[in-house]
Amino acid sequence: MTVVDTPPTTLREATIPPDGMYEGARVLRRLPEGWEERPYERFEIAPLGRVIGAEIRGLDLSRPLGPALREELNRALLEWKVLFFRAQHLTSEQQRGFARNWGELETNPLLAAGSSEDVVRFDKASGATPTFENVWHTDVTFRTRPALGAVLQLREVPPVGGDTMWADMAAAYDNLPAEVKERVDGATAVHDVIPGFVRFYGPERLAPFQEMFPPVEHPVVRTHPETGRRMLFVNTSFTTRITGMEREESDRLLSFLCRQAHVPEYQVRFHWQPGDIAFWDNRATQHYAVNDYAPHRRVAERVAIEGDRPF
């Protein structure tokens, strides 16, 4: 008589780390619920990602936009979160003029200025201060009114590398586990200028800015003022703790929330050529400048647009 071994019906005990990133289907919703998707009439658009990132073709940004074109570009920005324009080669004044279609420009005294105080120049050669590269972040969330958006132009591009990536933080929020959403909806977090810059500058440089930029609180999940979408609004550069939580609990939750920007399905990656422009919605995204081009040089100029207080 042959005896057949019956496979076990129970599995061995196995534990995965808490707050991990799990495989499986993700909700990839580009537009807000109830949003009417319409064709663009004044330019061509070429999507670069499923939920974020599109190249705009057929426009010369050195020319005035006009109300109708500005409105259609704004709709594209809300729908795609970051827009790319190839080979524009704008002067600094033209770049500032384009950005001013969305509001007043802000200055950042902690970063090197270009042709004026509201133009930031990132001139990265061998040995340059590596400000805000190789880290996912949202710009200037240490301000009471963080930037609405930013317009970045590459003046000099390395022969290899130097890409920039953006992540859609509305998609990141959509895919949070229900129990995490319950913990963060309505919560606030502290944002501080010091941890974001202490990696680059010593106390003598930073101390004068402590009073200029005191710590501020923003919602962990902010509501987009134009689309109404809910979006994660914490980042590793400036968010220090979640209000009202013990340090260990806050650190663990913030670590999990910040890792959501690392999910490839929420991202777009752009390979630069000289004169290219990126215009992103700073309210809805995080970005990551990839520093993989040493010893070559990379030169960029950025103007930022004043924003509103998150709610």
I need the [X] [atom1] to [Y] [atom2] distance, nearest 0.5 Å.
{"X": "Leu254", "Y": "Thr240", "atom1": "CG", "atom2": "OG1", "answer": "8.0 Å"}
{"X": "Arg229", "Y": "Asp168", "atom1": "CZ", "atom2": "CG", "answer": "6.0 Å"}
{"X": "Thr285", "Y": "Trp280", "atom1": "OG1", "atom2": "CH2", "answer": "8.0 Å"}

Listed partners of [X] passing side-chain contact (heavy atoms from CB on, under 4.5 Å), at least two apart:
{"X": "Thr188", "result": "Glu217, Thr243"}
{"X": "Arg57", "result": "Glu44, Ala46, Glu55"}
{"X": "Gln273", "result": "Arg86, Asp276"}

ring-ring contact (aromatic ring centres under 6.0 Å, His included) partners of [X], counting only residues at least two apart:
{"X": "Tyr266", "answer": "none"}
{"X": "Trp80", "answer": "none"}
{"X": "Phe209", "answer": "none"}
{"X": "Phe270", "answer": "Phe84, Trp272"}

Starting from Phe233, walk the hydrophobic network (Ile, Leu, Val, Met, Phe, Trp, Tyr; side-chain heavy atoms closer than 4.5 Å) and list everyone else you reach, by chain and number. none
Does a side-chain heavy-atom distance below 4.5 Å link Arg230 with Lys181? no
Using every non-hydrogen atom in the two residues, find where [X] and [Y] come nearest and quote the distance to one decimal.
{"X": "Val234", "Y": "Ala189", "result": "CG1-CB, 4.2 Å"}
{"X": "Ala172", "Y": "Gln260", "result": "CB-CB, 3.8 Å"}
{"X": "His218", "Y": "Val216", "result": "NE2-CG2, 3.5 Å"}

Does a salt bridge link [X] with [Y], judged by any charged N lying under 4.0 Å from a carboxylate O?
{"X": "Glu301", "Y": "Arg155", "answer": "yes"}
{"X": "Arg269", "Y": "Asp163", "answer": "yes"}
{"X": "Glu93", "Y": "Arg100", "answer": "yes"}
{"X": "Lys124", "Y": "Glu133", "answer": "yes"}
{"X": "Glu36", "Y": "Arg75", "answer": "no"}
{"X": "Asp308", "Y": "Arg222", "answer": "yes"}

Which class fits the ring pair Phe197 and Tyr201: parallel under 30°, tilted 30 to 60°, perpendicular over 60°? parallel
Angle between ring planes, Phe279 versus Trp102, binned at 30° and 60°: parallel, tilted or perpendicular? perpendicular
Please name all residues satisfying side chain to side chain donor-acceptor pair (under 3.5 Å) with Glu79, sequence neighbours left out, ordered by chain then number. Trp35, Tyr40
What pairs with Tyr173 under side chain to side chain donor-acceptor pair (under 3.5 Å), at least two apart in sequence or on another chain? Asp185
Check step by step if salt bridge (Lys or Arg N to Asp or Glu O under 4.0 Å) holds for Glu106 and Arg143. CA-CA 11 Å; Glu106 67 176 28; Arg143 292 182 183 269; 3.7 Å; yes
Pairs under 3.5 angstrom only: tabulate donor-acceptor contacts from the side chains of residues 146-154 to other protein residues two or more places apart or in another chain.
| unit_1 | atom_1 | unit_2 | atom_2 | d |
| --- | --- | --- | --- | --- |
| Gln153 | OE1 | His89 | N | 3.3 |
| Gln153 | OE1 | Leu90 | N | 2.8 |
| Gln153 | NE2 | Leu90 | O | 3.1 |
| Gln153 | NE2 | Gln95 | OE1 | 3.1 |

Just distance, no hydrogens or angles: give the donor-acceptor pairs under 3.5 Å from side chains in residues 110-117, sequence neighbours left out.
| unit_1 | atom_1 | unit_2 | atom_2 | d |
| --- | --- | --- | --- | --- |
| Ser115 | OG | Ser92 | OG | 3.4 |
| Ser116 | OG | Arg96 | NE | 3.4 |
| Ser116 | OG | Asp118 | OD1 | 2.6 |

Do Arg241 and Asp251 pass the salt bridge (Lys or Arg N to Asp or Glu O under 4.0 Å) test, and can you show the C-alpha distance, the side-chain angles, and the key distance before you say yes or no? CA-CA 7 Å; Arg241 67 182 186 278; Asp251 287 351; over 6 Å; no
